[in-house]
Amino acid sequence: MASSKNYLQFILEQLSELDEITYRAMMGEFIIYYRGKIVGGIYDDRLLVKPTKSATAYMTDPVYEVPYEGAKEMLLVEAVDQKEFLTGLFHAMYDELPLPKPKKKK
């Protein structure tokens, strides 16, 4: 099941206080970037983030889910309706996220 544009717009609105939130559509789902780093994505209308130490510590009861078959587990963000929680989570995770890999020149 692909994610809906409506759910994407809802998540983007919840993250609107953060600078440099972008996304990229990929196979019916959406990859979410914060200041150029991949934070997670929207899979089957669920917000999943990378399981960094800070993200795990920030969540009260972390729940791990697989975004799609064969993928590594990610953290399910259930409190998507809490704008302050989401912005705090993204801030907490940022320093632990890897830098994007340099693009190869053609």
Side-chain angles (χ1 to χ4, degrees):
M1 176 181 116
S3 295
S4 71
K5 282 271 192 178
N6 288 341
Y7 189 77
L8 170 66
Q9 290 306 320
F10 171 73
I11 295 299
L12 293 176
E13 176 59 34
Q14 293 299 89
L15 296 169
S16 62
E17 293 179 14
L18 295 174
D19 291 332
E20 298 181 57
I21 291 287
T22 57
Y23 70 92
R24 191 169 93 200
M26 187 172 287
M27 298 186 295
E29 309 298 352
F30 302 98
I31 307 300
I32 305 294
Y33 296 82
Y34 175 41
R35 294 169 37 197
K37 294 181 178 181
I38 297 174
V39 179
I42 297 173
Y43 304 91
D44 297 329
D45 286 341
R46 302 170 298 161
L47 177 61
L48 300 175
V49 296
K50 292 188 172 211
T52 63
K53 288 181 183 178
S54 54
T56 306
Y58 194 85
M59 297 181 162
T60 310
D61 290 316
V63 174
Y64 291 86
E65 290 198 5
V66 178
Y68 52 88
E69 192 174 320
K72 293 180 182 177
E73 286 187 327
M74 297 176 79
L75 290 171
L76 173 66
V77 181
E78 297 179 285
V80 293
D81 57 342
Q82 297 175 21
K83 206 173 203 177
E84 193 174 308
F85 173 81
L86 277 182
T87 56
L89 174 63
F90 276 45
H91 277 298
M93 294 176 64
Y94 183 78
D95 288 337
E96 283 184 66
L97 296 170
L99 291 170
K101 294 178 182 171
K103 294 182 181 178
K104 294 180 182 177
K105 294 183 180 181
K106 293 182 179 181

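Sequence positions, counted from 1, serve as the residue numbers for this chain.
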Rounded to the nearest 0.5 Å, what's the gap from CG on Leu47 to CG on Leu89? Could you check?
8.0 Å
With ring-ring contact (aromatic ring centres under 6.0 Å, His included) as the rule and sequence neighbours excluded, what pairs involving residues 3-31 come up?
Tyr23-Phe30
Distance-minimising heavy-atom pair for Glu73 and Val66
CG-CG2, 4.0 Å
For Gly36 and Pro100 the tightest heavy-atom approach is O-CG, 3.2 Å
Please answer: with hydrophobic residues joined when any side-chain heavy atoms are less than 4.5 Å apart, are Ile38 and Ile21 in the same cluster?
no
Strictly by salt bridge (Lys or Arg N to Asp or Glu O under 4.0 Å), give each pair with a member in residues 76-90 just once, sequence neighbours left out.
Glu13-Lys83
Shortest non-hydrogen pair, Gly28 vs Ala2, comes out as O-CB, 3.4 Å
Taking every heavy atom of Ala92 against every heavy atom of Ser54, the minimum-distance pair comes out as O-OG, 3.0 Å
Considering non-hydrogen atoms only, spot the tightest contact between Leu48 and Leu76 and give its length.
CD2-CA, 3.5 Å
Hphob cluster co-occupancy, Val39 + Met74, side-chain heavy atoms under 4.5 angstrom:
no
Can you tell me how far CG of Asp45 sits from CD of Glu29, rounded to the nearest 0.5 angstrom?
8.0 Å
Return yes if some donor-acceptor pair links the side-chain N/O of Lys37 with the main-chain N/O of Tyr94 below 3.5 Å, else return no.
yes
Sort and list the pairs that fulfil salt bridge (Lys or Arg N to Asp or Glu O under 4.0 Å) and have at least one residue in residues 55-67, not counting sequence neighbours.
Arg46-Glu65
Which atom names give the shortest non-hydrogen contact between Gln14 and Val80, and what distance separates them?
NE2-O, 2.9 Å
With sequence neighbours left out, which residue pairs that include part of residues 87-100 fulfil the salt bridge (Lys or Arg N to Asp or Glu O under 4.0 Å) condition?
none
Nearest 0.5 Å, what's the OG1-OH distance between Thr22 and Tyr34?
11.5 Å
Under 4.5 Å between side-chain heavy atoms, hopping through other hydrophobics if needed: is there a path connecting Leu12 to Tyr43?
no
Are Ile31 and Met27 linked, directly or through intermediate hydrophobic residues, by side-chain heavy-atom contacts shorter than 4.5 Å (ILVMFWY only)?
yes
Given side chain to side chain contact (heavy atoms under 4.5 Å, CB included), test Leu18 with Arg35 step by step and report yes or no.
CA-CA 9 Å; Leu18 295 174; Arg35 294 169 37 197; over 6 Å; no
Test of understanding: with side-chain hydrogen bond (donor to acceptor under 3.5 Å, both in side chains), list the residues that count as partners of Thr87, not counting sequence neighbours.
none
Pairs touching residues 54-89 that satisfy ring-ring contact (aromatic ring centres under 6.0 Å, His included), sequence neighbours left out
Tyr58-Phe85
Quick one: pull up CG in Leu15 and CD in Glu20 and give me the separation to the nearest 0.5 Å.
13.5 Å
Could you tell me which residues satisfy side-chain hydrogen bond (donor to acceptor under 3.5 Å, both in side chains) with Arg24, sequence neighbours excluded, listed by chain and number?
Tyr33
To the nearest 0.5 Å, what is the distance between CD1 on Ile32 and NZ on Lys50?
13.0 Å
Atom CG of Leu97 and atom CG of Leu99: how far apart are they, to the nearest 0.5 Å?
9.5 Å
What's the verdict on side chain to side chain contact (heavy atoms under 4.5 Å, CB included) for Lys53 and Thr56, showing C-alpha distance, side-chain angles and the deciding distance?
CA-CA 5 Å; Lys53 288 181 183 178; Thr56 306; 5.9 Å; no
